[in-house]
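Report on the structure given below.
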Amino acid sequence: MPRGRLGLMSENRFDPSQADGRWQHAWAEAQCFEADSNSPKPKSYVLEMFPYPSGRIHIGHVRNYTMGDVLARYKRMQGFEVLHPMGWDAFGMPAENAAMEKGVHPGGWTRENIANMKAQLKRLGFALDWSREIATCEPDYYGQEQALFLDLYESGLVYRKESAVNWDPVDQTVLANEQVIDGRGWRSGALVEKRKLSQWFLKITDFAQDLLDGLDGLENWPDKVRLMQENWIGKSTGLQFHFRGSNFDEEIEVYTTRPDTIFGASFVAVAAEHPIAHALADTDHMAAAFIEQCRAGGTTAAELETAEKLGYDTGLKVTHPFTGHELPVWIANFVLMEYGTGAIMAVPGHDQRDFDFATKYDLPIPRVIAPSEADAAKPFANGEAEPGDGVLVNSDFLNGLSIEDAQVAVVNRADHEGWGHGKTVWRLRDWGVSRQRYWGTPIPFIHCGTCGVVPVPKDQLPVVLPEDVDFATPGNPLVRHPTWKHVDCPKCGAKAERETDTLDTFVDSSWYFLRFASQPADKPFDRDELAKWLPVEQYIGGIEHAILHLLYARFWTRALQHIGLIDFAEPFASLFTQGMVTHETYSRVDPANGQPIYFSPGEVDRSGEGAVLQADGSPVDIGRVIKMSKSKKNVVDPDDIIDQYGADAVRWFMLSDSPPERDLPWSVSGIEGCGKYVQRLWRLFGQYDAGAEGEDKALDRKTHQTIAAIADDIEGLGFNKAVARLYELTSAIEKAKPSASRSTAIRTLVQLVSPMMPHLAEEGWVAIAGEGLVAEAAWPEVDPALLVEDEVTVAVQVKGKLRDTLTVAKGLPNAELEALALASEKVQRILDGAEVRKVIVVPDRLVNIVA
RNA sequence: GCGGGCGUGGCGGAAUGGUAGACGCCGGGGACUUAAAAUCCCCUGAGCUUUGCUCGUGCGGGUUCGAGUCCCGCCGCCCGCACCA
């Protein structure tokens, strides 16, 4: 094999410890990845969800960012001006926890983490525009966020109301729901109290319909995410009406989505938290005990679904608006105070929960829907309600109507007679953004004794978080800071106090993608600059953000459009949610407490049948293959594997084998295989011979087919398929004899792998004497003429079973194909003289002979 | 309970209704080497009476000339959830 120009490739092996850093430096020097918004090229905005700076990059980040990087580099090669930025979701509780545990400052801790993680990302060679880096904890970011918050306040989308929080009386702090474990503070173990505080809210419910409608247009979002958002928004339409008390002087307001079944109502049920239940509890200690029992029950959906339906008969009666019959009022554990009115009309015949309840307490179960009017007396089968379709029966003026028509009729009648009205109910509630925390964006308001709540004038922004705080004493450091909160009222000049709540960090991540595209010093963004880049062409991140982050970002974008600051409603044109990186776990049960003790893969020998702890040679239990997490010790550290195999092998592994939306099981043999492939390519690049002559048509075809296929694969984010094709092309080139075609193929291969293995590709680019950096080279051109084969292999089937294959010229007429197939020796033997009844010919694909 | 997704070799996975198992990993055999590593070549779904044949994509049916792919009914696993009236 003739040796090509070796250039830097003087070693026998590709040495990532030398090459990676050298090329990373070269890219930075050339500023290749800095996005120019004034470029005449078409724009492409590729974004991965920015990380929380916890201290170390996680392997899941590596997978996420590698996918985005391949797309960003590919787009650049295709002639786009690419915006591919990175930043830090830098506010949040872990920094405060670290401050309390280790006595460090949240700011110092966060900034140190950012520095470490940035270095880790750089080691992976990501094509990121670091000139646009953002950290949400810096005043130049959150100050602009404060300005936007004030704009939304002025437009009426921000308001205050009383709302309950989880209060930890020992730590003197408000807890997030996930910090409350079995009713106790996660750190202090103290019983958590509910406290009412005046808090800030954003009117996301104003946009409920719009957010729901917008989902239809998001065709390039996963259906799963759209469905999750739809369910979260939770629109339902129905009838709200009241029952008049017949033995008490009050009305009970109920909401139903099935007004058609109103004649089937046999009782009314109210939530344990309903005012009527509370009022009753004052005089009826049995009722009080029942309410207490409901409160103690489980809270998860699965628990509630399987929990027994329980109720308490209040003795109160109401009058049915149509029949005039008396219906009993029960307190029921399955009715929620937070939804609708906290009271329902129960229709046991056509709702399973009502059915279970009625059966238990021996309440009537009338039928008002039946397959036909003749089935009006049909009994219910073995304990099952019939929520499905049918016609109305036993329902007076509704008899014979469809469910839809009956609903309209009942709503109209209620409206007309004034005892009810049609109503749309949403599950979505307004977004509470107040956090009683230090490490977040200060909410830019001032509380004045005479003027009330006054916005901080924009020229006094940013309201900077003080850095001189202590965490030695419990409680919010902002509240007890000696000077920070004391200010003069901007309106009247009297002594006043700053708001000490900070914003939910989901606010920070609701507009960072805008700030990446445009970051002027004097305003949040420039609208014309945004128009050049937004919406994000491809957004990539974890499925765990399917609802909150993605819904809040959609809302925030709409809200900014609503107040006239931007010109688009949807922030992310395409969304992709990638799978997790997984590994099996190794553990033993600790005899002392019955809890598992986990061991890291490095401590375990897995070469034999089971798994053995190297330290003592005794077996450990092999657990399921699950997401890598520190607590289960089934982790690999990106830095370690980059040290061992180099950035390109790690990137290659992240793209190989598993489809990107599925989980990727980590394996040592897998990463070793990737490392070998890197070296194999290196050797192949070294074989480049600029002077080789002659044409290899078959190889030319393979090369061009691969260029086209990989472009399709990358655009569809099918990285695992692209990887398989690159292996195929590599093998084909290795097997080919020297020729000009082969040299071209090697050159093409360098370009094709460059989005995935950029460091190796730069070395290869030098080896083939490519001009400039391959990072700035163009994607190879495809010759359409070479995409088609001139010979095809045709399957020959007899009665659908493969019996032979034929290699024929492409486009051979059906009749000739049929004749060739029938002439096949193997076919004749199988047919064994049987009469051919039918022949199906699919041109260039197959012939099926039916005998 | 409800909603969504997924079941293909020892493993990860390919496959517009048209040659099931591409590609990678593991494993086996061979070449090179004093030896090893590295590398290269070959084999590698199961079974059988092995010039070939039969079976085979979770299970049972169906549609079709032809089904991993479409339809119906099950089973199993995973994810999400809010008893939403």
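Order of the sequence lines sets the chain letters (A, B, ...), proteins ahead of strands, with each chain counted from 1. Note that the structure is predicted; figures quoted are calculated from it, not measured.
B:C23 and B:G13: their C1' atoms are spaced 9 Å apart (whole Å). Distance noted for atom P between B:G76 and B:G66: 32 Å (whole Å). Annotation: B:C71 and B:C77 have their P atoms spaced 24 Å apart (nearest Å). Across B:G21 and B:U44, the matching C1' atoms stand 12 Å from one another, rounded to whole Å. When the P atom is used for both B:G27 and B:A37, the distance is 12 Å, rounded to whole Å. Only the P atoms considered, B:A67 is 11 Å distant from B:G56, to the nearest whole Å. Rounded to the nearest Å, the gap between the C1' atom of B:C26 and that of B:G12 is 11 Å. Separation of the C1' atoms belonging to B:G68 and B:G17 is 11 Å when rounded to the nearest angstrom.
A:Lys235 and A:Glu230 are not joined by a salt bridge, as no carboxylate oxygen comes within less than 4.0 angstrom of a charged side-chain nitrogen.
At whole-Å resolution of the value, CZ in A:Phe719 and C1' in B:A14 are 17 Å apart. The CG atom of A:Asp663 sits 12 Å away from the C1' atom of B:G5 (whole-angstrom rounding). The distance from atom CD of A:Glu661 to atom P of B:G12 is 15 Å, rounded to the nearest whole Å. Atom CD in A:Gln352 sits about 12 Å away from atom P in B:C84, given to the nearest Å. When the P atom of B:C11 is taken as reference, atom NE2 of A:His583 falls 17 Å away, rounded to whole Å. Atom C1' of nucleotide B:U39 and atom CZ of A:Phe14 are separated by 19 Å, given to the nearest angstrom.
Residue contacts for A:Arg837: at a heavy-atom cut-off of 4.0 Å it reaches no nucleic acid atom on any strand shown. Residue contacts shown for A:Asp351 are absent, as no nucleic acid heavy atom lies under 4.0 Å away. Nucleic acid contact class of A:Ile840 (heavy atoms, under 4.0 Å, all strands): base. The residue A:Val842 sits close to a base: some heavy atom pair falls under 4.0 Å. Residue contacts for A:Val335: at a heavy-atom cut-off of 4.0 Å it reaches a base atom on one of the strands shown.
Applying the salt bridge (charged side-chain N to carboxylate O under 4.0 Å, His left out) criterion to A:Glu544, with sequence neighbours excluded, gives no partner residue. Among residues two or more places apart in sequence or in another chain, the ring pair (Phe, Tyr, Trp, His ring centres under 6.0 Å) test is passed with A:Tyr677 by A:Trp652, A:Tyr727. In this structure, the side-chain contact (heavy atoms from CB on, under 4.5 Å) partners of A:Val411, at least two apart in sequence or on a different chain, are A:Leu239, A:Pro259, A:Asp415. For A:Asp712, there are no side-chain contact (heavy atoms from CB on, under 4.5 Å) partners, not counting sequence neighbours. Contacts of A:Asp223 classified as side-chain contact (heavy atoms from CB on, under 4.5 Å), with partners at least two apart in sequence or in another chain: A:Arg226.
Distances were taken from every side-chain heavy atom of A:Phe334 (C-beta onward) to each of B:C83, B:G18, B:G4; the shortest belongs to B:C83. The side chain of A:Arg845 lies closest to B:G18, out of B:A20, B:G18, B:C83. For A:Pro665, whose side chain is taken as the heavy atoms from C-beta onward, the closest listed nucleotide among B:A20, B:U39, B:G12 is B:G12.
One finds the NZ atom of A:Lys721 at 14.5 Å from the OG atom of A:Ser656 (value rounded to the nearest 0.5 Å). The distance from atom CG of A:Leu211 to atom OH of A:Tyr552, rounded to the nearest 0.5 Å, is 11.5 Å.
Between A:Arg353 and B:C84 there is a side-chain polar atom (N or O) within less than 4.0 angstrom of OP1 or OP2. Proximity of A:Arg226 to the phosphate of B:G4: no side-chain N or O atom is located under 4.0 Å from OP1 or OP2.
Annotation: cation-pi geometry not satisfied between A:Arg13 and A:Trp682 (NZ/CZ under 6.0 angstrom from ring centroid, within 45° of ring axis).
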Got a list of side-chain donor-acceptor pairs under 3.5 Å for residues 260-272 of chain A, not counting sequence neighbours?
| residue | atom | partner | partner atom | Å |
| --- | --- | --- | --- | --- |
| A:Asp260 | OD1 | A:Arg258 | NE | 3.1 |
| A:Asp260 | OD1 | A:Gln407 | NE2 | 2.9 |
| A:Asp260 | OD2 | A:Arg258 | NE | 3.3 |
| A:Asp260 | OD2 | A:Arg258 | NH2 | 3.0 |
| A:Thr261 | OG1 | A:Arg258 | O | 2.8 |
| A:Ser266 | OG | A:Pro364 | O | 2.8 |

Show me the donor-acceptor pairs within less than 3.5 Å that the side chains of residues 797-811 of chain A make with the rest of the protein, sequence neighbours left out.
| residue | atom | partner | partner atom | Å |
| --- | --- | --- | --- | --- |
| A:Asp804 | OD2 | A:Ser824 | OG | 2.8 |

Between the protein and nucleotides 44-53 of chain B, list the N/O to N/O atom pairs that are separated by less than 3.5 angstrom.
none

Contact list (N/O, under 3.5 angstrom) for nucleotides 22-25 of chain B vs protein:
| residue | atom | partner | partner atom | Å |
| --- | --- | --- | --- | --- |
| B:A22 | O2' | A:Glu728 | OE2 | 3.2 |
| B:C25 | O2' | A:Ser669 | OG | 2.8 |

Identify all pairs in which a protein N or O lies below 3.5 Å from an N or O of nucleotides 78-80 of chain B, and state each distance.
| residue | atom | partner | partner atom | Å |
| --- | --- | --- | --- | --- |
| B:C78 | OP1 | A:Arg624 | NH1 | 2.8 |

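Side-chain contact, A:Arg662 with A:Gln578: no donor N or O sits under 3.5 Å from an acceptor N or O. No hydrogens or angles considered: a donor-acceptor pair under 3.5 Å links the side chains of A:Glu789 and A:Gln705. Remark: the A:Arg63 side chain and the A:Ser658 side chain contain no N/O donor-acceptor pair separated by less than 3.5 Å. For the residue pair A:Asn814 / A:Glu818, no side-chain donor-acceptor distance below 3.5 Å is found, with atom types taken as modelled.
A donor-acceptor pair is defined here as one N or O able to donate and one able to accept, closer than 3.5 Å; such a pair exists between the side chain of A:Asn634 and the backbone of A:His583.
Classified by interplanar angle (parallel below 30°, tilted 30° to 60°, perpendicular above 60°), the ring pair A:His320/A:Phe322 is tilted.
Taken together, the paired segments of RNA chain B that extend over three or more consecutive Watson-Crick or G-U pairs, each closer than 3.5 Å at both contacts, are B:1-7 with B:75-81, B:10-12 with B:23-25, B:27-31 with B:39-43, B:45-48 with B:52-55, B:58-62 with B:70-74.
Of the residues in residues 816-824 of chain A, not one places a heavy atom less than 4.0 Å from an atom of RNA chain B.
Base orientation of B:G12: anti (glycosidic angle beyond 90° from 0).
RNA chain B is contacted by both A:Lys799 and A:Tyr255; A:Lys799 maps to the nucleotide lying nearer its 5′ end (nearest heavy atom per residue).
Checked against the 6.0 Å centroid criterion, the rings of A:Trp330 and A:Tyr361 qualify as a close aromatic pair.
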